[in-house]
Amino acid sequence: MPAATPPTPVTGWGRTAPTAARLVRPRTYEEAVAAVLAGGARGSIARGLGRAYGDAAQNAGGAVLDMTGLDRIRTIDAEAGVVVCEAGVSLHRLMEVLLPLGWFVPVTPGTRYVTVGGAIGADIHGKNHHGSGAFSRHVRELDLLTANGEVRRLKPTDDLFRATAGGMGLTGVILASELQLHPVQTSLMTVDTERATDLDDLMARLTATDHRYRYSVAWIDLLARGARTGRAVLTRGDHAPLEALPRRAQGAPLRFKAPHLPFVPSHFPPGLLTKATVRAFNELWYRKAPRHRTGELQSIAAFFHPLDGVPHWNRIYGRGGFVQYQFVVGHGQEEALRRVVRRIAHRGCPSFLAVLKRFGESDPGWLSFPRPGWTLALDIPATLPGLGGFLDELDEEVAAAGGRVYLAKDARVRPEVLVGMYPKLPEFRRLRRELDPEGVFTSDLSRRLNL
Amino acid sequence: MKDAFGAPQSLLVLGGTSEIGLATARRLVARRTRTVWLAGRPSPALDAAAAGLRELGADVHTLAFDALDAASHETALDKVFAQGDIDMVLLAFGILGDQVRDEGSPLAAVRVAQTNYTGAVSASLICAKALQTQGHGSLVVLSSVAGERARRTNFIYGSSKAGLDAFTQGLGDALHGSGVHVMVVRPGYVRTKMTLGLPETPLATTPEAVAESIETGLRRRSEVVWVPGALRVVMSALRHVPRPIFRRLPV
Ligand SMILES: Cc1cc2nc3c(=O)[nH]c(=O)nc-3n(C[C@H](O)[C@H](O)[C@H](O)COP(=O)(O)OP(=O)(O)OC[C@H]3O[C@@H](n4cnc5c(N)ncnc54)[C@H](O)[C@@H]3O)c2cc1C
Ligand SMILES: NC(=O)c1ccc[n+]([C@@H]2O[C@H](COP(=O)([O-])OP(=O)(O)OC[C@H]3O[C@@H](n4cnc5c(N)ncnc54)[C@H](OP(=O)(O)O)[C@@H]3O)[C@@H](O)[C@H]2O)c1
């Protein structure tokens, strides 16, 4: 049994609502089983790299299993593009190892610093969701450690697999999985950039031409008001084929480089993020984007993970932390999206570039977030007065439109509202009651939302 | 669990008929609070307070709790925590006493000290331990500006609050890093039944204003909150006024 730390404060990436838990870092299956069985009255929850914004990977008074100790890549089939690895392996590590072999992770979020376990636990999506679906679509099999200490090998057709994909660690601890990869010829991206003058223009462009791109996302300026409400910069692209590289780069086309800037100190002065400074930043950034540019070569890091260049950037929000609000509404609910965007713009939340994306087909995970439609994500300082009530109002709009908020980002939704957003929640609860009546797997999120 | 803005889902009020306590409960019920425990001496007023919160949609329980009976605290309070996590404990009981009378009646003065200080020490320690086991929660203690510097006109009450304030700060330090948040609230004159009939002082405020400051303090995870906020400056000036002058100030 690996040693546990004394109770230590833990938060998510948004640094709100800290709670204390014993941290345990299993390095083998046996240690993971022992840790779960020794979890105690307040249970355990798996934690990857803590990139979920809210309280999903916290467990007040109980145990938090730091899964980054299970970090072995077991086998790589470089012909078929299949990797078997433990759940604590990060996507960053997978990129380092797989790119030189001509393979890329099937789905990457806006940061490489997430674990495979976290990617399945939240059933994450990337800029390719409209074509490639969520992460779980590319998982061929996984090993799940359940409440009774048993390790079960699950296939995508199993109910327990479907409860686990997006199940936020509440069905058990994912120990390893087999992933189908995506082939690439180079480690560069070819990127098209264009500007959209307002929200309708943006939606029209995404609807008309998204299918031409593997990856697509729009950065939207939520502080712009009036006729410019929802103005945005679209960046869409694909992995560059070999012939797109300049001759000198064709010799080492699969080199993976990810530069780092100095990280944000732990006592970053708060108060720099005012409406005025954020507005100025958004303005500048919109103006500097080209009206239309095609075929620009960008690195993987620049295209997918611009924020990873600044370690600990979450500290710029100061001690009070921040929340990310992300929701999706279905196609046909564009009016709800317009209303929400107008309300955010009208209120003037000091929100840096928010992200709008068109989702494709859903995957079968019971609590998996994506569904066909529009998703918007924005960061807001948590200390903003009245923010709690304002987001509750947005929830009402989203729920009324049949939409939902994303649990991996959530730190504040009301339990009674969530029920309407996730129709499979009763099934999820039933399965949990059967498989884990004692609450061996418990998190602050599950306590808050009664999952 | 508290949400990202520090809003609790469950609340235990010690001093369940306190006007400040109930104003705070109403405000929090309007946000996230669904379960409320009102602890106090059984009375029609306590039942009425529970009924009032039920009307707002909360699930309300009452329990018998007497600050002066420290020996009974552990059994009474442990029962509450045994039924589920408590996200916030609001310590709101207290008595003002009657300075003039109490100076001539030591036993009455002791009662002020025992309610406000001894009773609070016992209840806070028990709640703090339970919160620590949970690994989360806020303990919010109603101190008073009166404890900041004892005044001729109410030093019995003032000294009890000074003790409570010092105790709570120390407890906050002891619990630092335990996941438990301890917050001292220092209101000035608040218009409640406690101050009924007493001459108002400048910066007098309402229970609702105290409730709002508590909600803000929870959001910011503050350690000390003054109500109104201007009192922080006023009191830091008053703290340095020399004794001979302070004695004669009409505060
Ligand atoms: C800058 C940034 C950009 C992001 N962009 C996106 C995006 O584009 N798309 C998107 O979908 N998400 C995005 N996210 C969110 C992030 O991808 C998810 O929260 C992801 O789950 C984080 O993985 P993690 O390893 O850090 O897991 P943690 O945050 O530690 O945990 C997240 C959840 O997964 C569970 N979990 C972790 N490991 C295991 C395991 N081994 N077994 C079972 N359950 C486990 C935890 O219990 C918890 O419920 C972003 C986050 C950041 C900070
Ligand atoms: N009002 C102000 O100006 C002011 C200013 C600063 C600080 N405060 C502090 O704020 C707190 C709340 O005050 P308030 O204005 O809301 O006054 P309040 O309405 O008079 O409330 C006082 C509470 O204390 C309870 N109480 C008294 N003795 C008790 C005992 N032995 N056991 C259990 N409960 C007991 C009372 O219960 P019963 O119903 O049983 O009597 C009542 O619930 C107090 O600590 C007070 O000192 C008040």
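Just the heavy atoms: all of them, side chains too, but no hydrogens, waters or symmetry mates, feed the values below. Note on naming: letters A, B, ... go to the chains in the order of the sequence lines (proteins, then strands), and numbering restarts at 1 for each one.
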Chain A heavy atoms under 4.5 Å from [X]: which part of the residue, side chain, backbone, both or neither?
| X | value |
| --- | --- |
| B:Arg221 | both |
| B:Asp85 | side chain |
| B:Gln134 | both |

Checking [X] against chain B: side chain, backbone, both or neither under 4.5 Å from a heavy atom?
| X | answer |
| --- | --- |
| A:Pro6 | neither |
| A:Val413 | backbone |
| A:Pro7 | backbone |
| A:Asp410 | neither |
| A:Ala21 | neither |

Hey, are [X] and [Y] close enough for a salt bridge, meaning a charged N less than 4.0 Å from a carboxylate O?
| X | Y | result |
| --- | --- | --- |
| A:Arg414 | A:Glu396 | yes |
| A:Asp395 | A:Arg412 | yes |
| A:Arg448 | A:Asp55 | yes |
| B:Asp59 | B:Arg54 | no |

| said: With chain B as the partner, which of A:Gly321, A:Pro385, A:Gly62 has the greatest number of non-hydrogen pairs under 4.5 Å? | reply: A:Pro385
| Cation-pi between B:Arg232 and B:Trp226: NZ/CZ under 6.0 Å from ring centre and within 45° of the ring axis? | no
| message | Cation-pi check for A:Phe441 against A:Arg432: NZ or CZ below 6.0 Å from the six-membered ring centre and within 45 degrees of the axis, yes or no? | response |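 No; the conditions do not both hold, so A:Arg432 does not lie above the ring face of A:Phe441.
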